[in-house]
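What follows is one structure encoded as structure tokens, with my remarks underneath.
Sequence positions, counted from 1, serve as the residue numbers for this chain. Values in this document were obtained by computation on a predicted structure and should not be read as measured data.
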Amino acid sequence: MTPDDRPIGVFDSGLGGLTVVRALLDLLPDEDVCYFGDTGRFPYGPKPGAEVLGYALEIADLLVARGVKMLVVACNSAAAVSLGPLRERLADRGIEVLGVIEPGVRAAARVTRRGRVGVIGTVGTIASGAYQRATADLAPDLELTCCACPGFVEFVEQGDVDSEHVHILAERLLAPVRAAEVDTLVLGCTHYPLLARTIANVMGPEVVLVSSADETAFAVRALLTADGAATPGRNRRVRFTSSGDPEVFRTLGARFLGPEVRDVEAWTWT
């Protein structure tokens, strides 16, 4: 087993995947990361699954061309429709593909006290049934309540995570999982950890929030360690590319990720 100094590729429909990048940088400080935010085609959640799959395949091809050793689909909407096709497409290249759905389900199964788990996500993610299928496979004894939260992602992309408008929207959208008396809530969109304070205030202190971003980073570390592909100590490099306005990405990205967001490359789809 030889250390592999190629970067970890990560992509999302916009800024939300930066929560996964933050977790990766904290957990794997020596790894290079290559991030693509498809802000020019944001949002993915309301779009048809076939369209989102096409986007995911395009981005994967771009990141593979940039020499990534692993691909993290840091978007629940994309992961729900593309994990299988991406794994099949990249299997002969020796590139592992990880999503954010299974790690979140596993974490919820570990921490729930009464087996009553809620999942919140975009309309596309919830309608896809991806969390329901993953739960049936990984933790069939859980009592699952799934709830779509349209509007959350848009607020995050605008940089608004704690206004009164966001709180009012959260109270309305989270009503079904509150009524189900869940004790654990999976944030089934990588944008949602940025709303964690508001969501926690609405759900109450007895409900444990599970971030799929953090759990995905642990899954990446476990896989790299098992394969012997973790990068030895050195100065890491983090590369950001956006299909939208790179200055907007840089400004909001620095707010949500930190000082690592400096130069952002602009990308135009042809």
Side-chain angles (χ1 to χ4, degrees), residues 8-24 33-39 41-64 68 70-91 95-109 117 119-139 144 146-150 152-153 156 186-194 210-223:
I8 299 169
V10 183
F11 78 86
D12 182 53
S13 62
L15 293 165
L18 294 177
T19 58
V20 175
V21 174
R22 178 73 272 159
L24 287 171
V33 175
C34 186
Y35 181 84
F36 189 94
D38 199 13
T39 48
R41 301 189 292 199
F42 166 86
Y44 283 6
K47 290 182 169 65
E51 186 175 348
V52 174
L53 172 59
Y55 294 166
L57 295 174
E58 284 184 322
I59 297 169
D61 286 345
L62 172 62
L63 291 174
V64 169
V68 301
M70 173 186 294
L71 187 65
V72 179
V73 185
C75 172
N76 284 262
S77 297
V81 298
S82 71
L83 277 189
L86 284 173
R87 284 169 174 161
E88 182 177 349
R89 189 184 189 107
L90 299 178
I95 297 174
E96 296 276 0
V97 181
L98 278 74
V100 288
I101 293 173
E102 291 183 359
V105 171
R106 289 193 180 97
V117 173
V119 176
I120 55 175
T122 66
V123 171
T125 296
I126 299 304
S128 74
Y131 272 96
Q132 295 91 323
R133 291 191 297 274
T135 301
D137 290 340
L138 300 172
L144 197 68
C146 296
C147 180
C149 293
F152 274 2
V153 169
V156 171
V186 178
L187 306 182
C189 173
T190 48
H191 286 72
Y192 293 0
L194 301 171
V210 172
S211 167
S212 57
D214 292 340
E215 297 304 322
T216 300
F218 282 112
V220 169
R221 184 177 68 174
L223 185 58

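- Look at Glu58 and Arg41 and you find a salt bridge, because one of the NZ, NE, NH1 or NH2 atoms lies within 4.0 Å of a carboxylate O, short of that distance.
- With values rounded to the nearest 0.5 angstrom, Ser77 atom OG is found 9.0 Å from Ile126 atom CD1.
- Distance alone, capped at 3.5 Å, places no donor-acceptor pair between the Ser211 side chain and the Pro193 backbone.
- No donor-acceptor pair under 3.5 Å is formed between the side chain of Asp38 and the backbone N or O of Ser13.
- When atom types are taken as modelled, the side chain of Arg22 and the backbone of Asp214 share no donor-acceptor pair closer than 3.5 angstrom.
- Aromatic ring centroids of Tyr55 and Tyr44 lie under 6.0 Å apart.
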Decide yes or no on side chain to side chain contact (heavy atoms under 4.5 Å, CB included) for Ser82 and Val52, but give the supporting numbers first.
CA-CA 8 Å; Ser82 71; Val52 174; over 6 Å; no
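- In terms of the ring-ring contact (aromatic ring centres under 6.0 Å, His included) criterion, Tyr131 has no residue partners (sequence neighbours excluded).
- Taking every heavy atom of both residues into account, Gly17 and Asp12 meet most closely at N-OD2, 3.1 Å.
- A heavy-atom distance below 4.5 Å is not found between the side chains of Cys34 and Val10.
- A donor-acceptor pair under 3.5 Å links the side-chain atoms of Thr190 to the main chain of Ala74, judged by distance alone.
- Side-chain atoms of Glu102 and Asp137, non-hydrogen and from C-beta on, never get closer than 4.5 Å to each other.
- Atom OG of residue Ser212 and atom CG of residue Leu187 lie 7.0 Å apart, to the nearest 0.5 angstrom.
- Asn76 contributes no side-chain N or O that, together with a main-chain N or O of Thr125, makes up a donor-acceptor pair within less than 3.5 Å.
- In terms of heavy atoms, Ala56 sits closest to Leu86 at O-CD2, 4.1 Å.
- Note: Arg133 CZ to Ile101 CD1 = 8.0 Å, rounded to the nearest 0.5 Å.
- The two atoms that bring Ala78 and Phe11 nearest to each other are CB-CE1, 4.1 Å, heavy atoms only.
- Distance CG/Leu71 to CG/Leu98: 9.0 Å, rounded to 0.5 Å.
- For the pair Ile120 and Val186, the minimum side-chain heavy-atom distance is 4.5 Å or more.
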Thr122 and Phe152: CA distance, side-chain angles, deciding distance, side chain to side chain contact (heavy atoms under 4.5 Å, CB included) verdict:
CA-CA 8 Å; Thr122 66; Phe152 274 2; over 6 Å; no
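- Considering CG of Leu18 and NE2 of His191, their distance stands at 8.5 Å, rounded to 0.5 Å.
- With contacts defined as side-chain heavy-atom distances shorter than 4.5 Å, the pair Ile8/Val68 does not qualify.
- The CG atom of Leu24 sits 9.0 Å away from atom CE of Met70, with the distance rounded to the nearest 0.5 Å.
- A side-chain contact (heavy atoms from CB on, under 4.5 Å) with Val20 holds for exactly one of Val73, Val220, Val72; it is Val72.
- Pairing each heavy atom of Val117 with each of Ala108, the nearest pair is CG1-CB, 3.9 Å.
- Thr135 places no side-chain N or O within donor-acceptor distance of the main-chain N or O of Gln132, the cut-off being under 3.5 Å.
- Residues passing the side-chain contact (heavy atoms from CB on, under 4.5 Å) test with Pro150 are Val123, Ala148, Leu173, sequence neighbours excluded.
- Phe42 pairs by the ring-ring contact (aromatic ring centres under 6.0 Å, His included) definition with nothing, not counting sequence neighbours.
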